[in-house]
Protein chains: 2
Amino acid sequence: MNTGKRMTRQRRIILDDIRKNRIHPTADEVYKSVRKRLPRISLGTVYRNLDLLARTGEIRKISIAGKQMRFDGDKSDHMHITCVRCGKLTDIPDDPRYCDVCRETLADSGFVLQSVSVELFGVCPDCREDEDEER
Amino acid sequence: MNTGKRMTRQRRIILDDIRKNRIHPTADEVYKSVRKRLPRISLGTVYRNLDLLARTGEIRKISIAGKQMRFDGDKSDHMHITCVRCGKLTDIPDDPRYCDVCRETLADSGFVLQSVSVELFGVCPDCREDEDEER
DNA sequence: TTACTTGCAAATCATTTGCAAACGT
DNA sequence: ACGTTTGCAAATGATTTGCAAGTAA
């Protein structure tokens, strides 16, 4: 946990909030939540700390094209699927076959693969139910 | 090509530019390029047309998390890899196995898969060469 | 004719940044 | 003591939007 940086009150509380808050919050949601404990904290500080914590690997940054950044206190290997109806982000287990497929795809392209980002979109079980009821 | 909308001079020239311009341009790059032929066109018009052309399927929108939108006149199935050194976007053939893997991953999650976006990042052949020379 | 489009400028929205004061080690 | 971090406010950058005038069908 020693990153060569200081563990300020703000940083500790932000980290704590993200670890407890299992909703993959946006920076703004973290800001709102943390303000209950630190009413004078600024949004800038939240952004700076989220960025720093992500760079030191204490949290994960989830970036999905065209959407706000989200943050995840769960560092274990897993992917996310976004519900196209309600927008909710759900954890799903990681599947190592993606990388295998990528590596094969790129085999004779001359590229050296560095990372793969897979974004899944679908309808979540709750929204599926609602859809069915509408019939 | 009939989309139920009007084919204005601006729209035709933007479409033409994207089809000829094989660089996966950003909206701003399209704007700069198209201004050679239409000096009074506005960036707003470029955005509106790129969006409309993407919605009617005449071009593809390439959205990569944290990056500007890019546009592709090549509608054939293919994916892209971003060079982490020079930022260049390169076409690579589509690999249908991604969807197979996704479908299996989600089999018992209750989700109905709608779409998958795979973003690859790596070092392109040109930048690899530069790296080697630096030794 | 008339609904769709344009150019322009201002607005939006998430995120970043400059700065002087405050703080952690 | 020192470099790091904070709160605040202003800046940024990409994209969107309101509006009155212009244009394709």
Side-chain angles (χ1 to χ4, degrees), chain A residues 1-18 23-56 58-72 82 87 89, chain B residues 1-18 23-56 58-72 82 87 89:
Chain A
M1 185 95 104
N2 177 17
T3 65
K5 306 285 166 134
R6 292 178 192 163
M7 185 47 67
T8 59
R9 192 161 148 61
Q10 289 85 337
R11 189 163 300 156
R12 190 167 352 92
I13 289 177
I14 288 170
L15 180 54
D16 184 63
D17 189 89
I18 297 218
I23 60 160
H24 309 102
T26 61
D28 201 66
E29 285 165 348
V30 173
Y31 173 58
K32 285 201 179 75
S33 169
V34 157
R35 249 199 319 181
K36 289 175 204 147
R37 289 205 261 165
L38 292 172
R40 301 193 57 75
I41 196 170
S42 77
L43 185 54
T45 297
V46 172
Y47 269 105
R48 277 183 291 229
N49 277 298
L50 290 172
D51 189 63
L52 187 145
L53 291 168
R55 276 189 284 108
T56 61
E58 321 230 34
I59 64 176
R60 271 178 57 185
K61 213 177 229 187
I62 309 170
S63 63
I64 294 180
K67 303 267 179 64
Q68 288 173 66
M69 242 21 144
R70 291 186 169 275
F71 300 87
D72 194 341
T82 305
L89 219 62
Chain B
M1 182 99 104
N2 178 18
T3 65
K5 305 287 168 127
R6 293 178 191 161
M7 185 46 67
T8 59
R9 194 161 147 59
Q10 289 83 339
R11 190 163 301 159
R12 191 169 350 94
I13 289 177
I14 288 170
L15 180 54
D16 185 63
D17 189 90
I18 297 219
I23 60 159
H24 310 101
T26 61
D28 201 68
E29 284 166 347
V30 173
Y31 173 59
K32 285 202 178 75
S33 170
V34 157
R35 252 202 314 183
K36 290 177 202 145
R37 290 203 261 166
L38 293 171
R40 301 192 56 75
I41 198 172
S42 77
L43 184 55
T45 297
V46 172
Y47 270 105
R48 278 184 288 232
N49 277 297
L50 289 173
D51 190 62
L52 188 146
L53 291 168
R55 275 189 285 111
T56 60
E58 320 233 33
I59 64 175
R60 271 178 57 187
K61 213 176 229 189
I62 310 170
S63 63
I64 296 180
K67 303 265 178 67
Q68 286 174 68
M69 244 16 149
R70 293 186 168 272
F71 300 87
D72 194 342
T82 304
L89 219 63

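Here is the naming used below: chain letters follow the sequence lines, and residue numbers restart at 1 for every chain. Because the structure is predicted, anything quoted here is derived from the model rather than measured.
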B/R12 CZ to C/dT6 P, in whole Å, measures 11 Å
message = Could you walk me through whether B/M69 and B/T26 satisfy the side chain to side chain contact (heavy atoms under 4.5 Å, CB included) test, starting with their C-alpha distance in whole Å, then the side-chain angles of each, then the deciding distance to 0.1 Å, before giving a yes or no?
response = CA-CA 6 Å; B/M69 244 16 149; B/T26 61; over 6 Å; no
Any non-hydrogen side-chain atom of A/I64 less than 4.5 Å from a side-chain atom of A/L89? yes
Between CD1 of A/I41 and P of C/dA21 the distance, given in whole Å, is 21 Å
**Q.** 4.5 Å side-chain heavy-atom contact, A/R9 and A/I13
**A.** yes
From CG of B/D51 across to P of D/dT17 the rounded distance in Å is 9 Å
| message | Between A/R60 (side chain only) and A/D72 (backbone N and O only), is there a donor and an acceptor less than 3.5 Å apart? | response | no
Of A/S42 and B/L43, the one whose nearest nucleotide on DNA chain D sits closer to the 5' end is A/S42
To the nearest angstrom, the CZ-C1' distance between B/R55 and C/dT5 comes to 13 Å
Contacts of A/D16 meeting side chain to side chain contact (heavy atoms under 4.5 Å, CB included) (sequence neighbours excluded), chain-then-number -> A/K20, A/R37
From CD of B/Q10 across to P of C/dC8 the rounded distance in Å is 11 Å
Rounded to whole Å, CD1 of A/I62 lies from P of C/dT15 at a distance of 13 Å
Item checked: Check: B/K67 and B/T82 side chains under 4.5 Å, non-hydrogen atoms -> yes
Notebook entry, point to check: Has B/Y47 got a side-chain N or O lying under 4.0 Å from the OP1 or OP2 atom of D/dT15?
Noted result: yes
Axis-to-axis angle for the helix from C/dT1-D/dA25 to C/dT25-D/dA1, ends of five pairs each, to 10°, equals 40°
Looking only at C/dC4, C/dT5, D/dT5, the nucleotide nearest the B/L52 side chain is C/dT5
Of the listed D/dA24, D/dT5, C/dT15, the closest approach to the A/Q68 side chain comes from C/dT15
Looking only at C/dG24, D/dT23, C/dG7, the nucleotide nearest the A/T8 side chain is C/dG24
For this session: Using atom types as modelled and distance alone, determine if a side-chain donor or acceptor of A/S33 lies under 3.5 Å from a backbone N or O of A/V30.
Result: no
Rounded to whole Å, the CZ-P distance (B/R11 to D/dA24) equals 12 Å
Rounding to 0.5 Å, atoms CG (A/D51) and CZ (A/F71) come to a distance of 7.5 Å
Numerically ordered, the residues 28-40 of chain B set in heavy-atom contact under 4.0 Å with DNA chain D is none
Fill in: 4.5 Å side-chain heavy-atom contact, A/K61 and A/R70
no
Assert: residue with more 5' nearest nucleotide on DNA chain C, out of A/R48 and A/A27, is A/A27
A/M7 CE to D/dT6 C1', in whole Å, measures 15 Å
